[in-house]
There are 2 protein chains.
Amino acid sequence: MVNNTDPLDDIFKALADPTRRAMLVALKTGDQPISTLAAPHSMTLAGASKHVGVLEAAGLVTRERQGRTHIISLRADRLREAEDWLEAMRGFWSERLDALERALSEES
Amino acid sequence: MVNNTDPLDDIFKALADPTRRAMLVALKTGDQPISTLAAPHSMTLAGASKHVGVLEAAGLVTRERQGRTHIISLRADRLREAEDWLEAMRGFWSERLDALERALSEES
DNA sequence: GCTATAGTCAACCATATGGTTAACAATACT
DNA sequence: AGTATTGTTAACCATATGGTTGACTATAGC
């Protein structure tokens, strides 16, 4: 039973939901309990809990129990992985830009 | 009937699949027909076609028909949108690093 | 004209996803 | 002790997703 899935799968899948992205943005201002994260999104606490679960499974977020509340915090290193992939993809972008500039300067 | 979905939804959803990411990477080396994109992934052409469709719907890729083959090319600006969001999120990252450094220097 | 190639499209299938409700556990408050 | 709060878990539902097969269109090559 090999673990056959790229962590990027989980990271990007977690980022693909607007509610989850909003939660991450909210966490920029500091660690927060799940109920606070849930508040702005008209949905059950159970629903929000599942979203947090997805973020946690993707490694984008960490949970620390404090009594009955669970404090959630961002994990920047994991966000970094997604950004690194995109940055690597952008390698192409600059190459293409160079090619375009060459083409344009030859034209003039 | 309002279009209620953030383009980032589609972009990240498209990036969440390993086959699709591999196709994008393959496209870094230049525009390619769908069959070429499909080749490395043991799946039907119809399956690959659907993946390309998802990438196209997300705006990550462009299609130009040339006779019976469809030439696919990367659209960097759209990749950029995802990267920008992550970069904005990373604002938090540097703040946190600063806080950590402050804490460490006070300790010593 | 015939055949092979490149691709789409529709129908179908199994599984994943986003959400709900209801029941429960654990902690806090009075 | 009793009640309210925070959160999890399981069961369920509708829809989306990743993949297939099969029928079809259109172009290319002999």
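Treat the numbers as computed from the prediction; the structure is a model and nothing was measured. Order of the sequence lines sets the chain letters (A, B, ...), proteins ahead of strands, with each chain counted from 1.
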Figure out the CE/P separation between A:Met23 and D:dG7, and round it to whole Å.
11 Å
Rounded to whole Å, please give me the gap between CD in A:Gln32 and C1' in D:dT6.
15 Å
Going 5' to 3' through nucleotides 9-22 of chain D and flagging B where a protein heavy-atom sits under 4.0 Å of the base, S where only the sugar-phosphate is that close, and - otherwise, we get B-------SBBBB-
By side chain to side chain donor-acceptor pair (under 3.5 Å), A:Glu83 pairs with (sequence neighbours left out) B:Arg90
B:Thr19 meets the side chain to side chain contact (heavy atoms under 4.5 Å, CB included) criterion, sequence neighbours left out, with B:Asp17, B:Met23, B:His41, B:Met43, B:His51
Suppose we screen for side chain to side chain contact (heavy atoms under 4.5 Å, CB included). Which residues come up paired with A:His70, at least two apart in sequence or across chains?
A:Ile34, A:Arg63, A:Arg65
Over how many whole Å does the gap from A:Ile72 atom CD1 to D:dT6 atom P extend?
14 Å
List for me each residue that meets side chain to side chain donor-acceptor pair (under 3.5 Å) alongside A:Gln32, sequence neighbours excluded, and say none if there are none.
A:Thr29
Test item: B:Leu55 and B:Ile72 side chains (from C-beta on) under 4.5 Å apart, heavy atoms:
no
Side-chain contact test, heavy atoms from C-beta onward, threshold under 4.5 Å: evaluate it for B:Leu74 versus A:Met89 and give yes or no.
yes
Is there a donor-acceptor pair under 3.5 Å between the side chain of B:Lys13 and the backbone N or O of A:Phe12?
no
I want to check something: taking the side chain as every heavy atom from C-beta on, are A:Leu15 and A:Leu60 in contact at a cut-off of under 4.5 Å?
yes
Distance, rounded to the nearest Å, where A:Ile34 contributes CD1 and C:dA26 contributes P:
17 Å
Per-nucleotide protein contact along nucleotides 25-30 of chain D, 5' to 3', at a 4.0 Å heavy-atom cut-off (B base, S sugar-phosphate only, - neither), is -SBS--
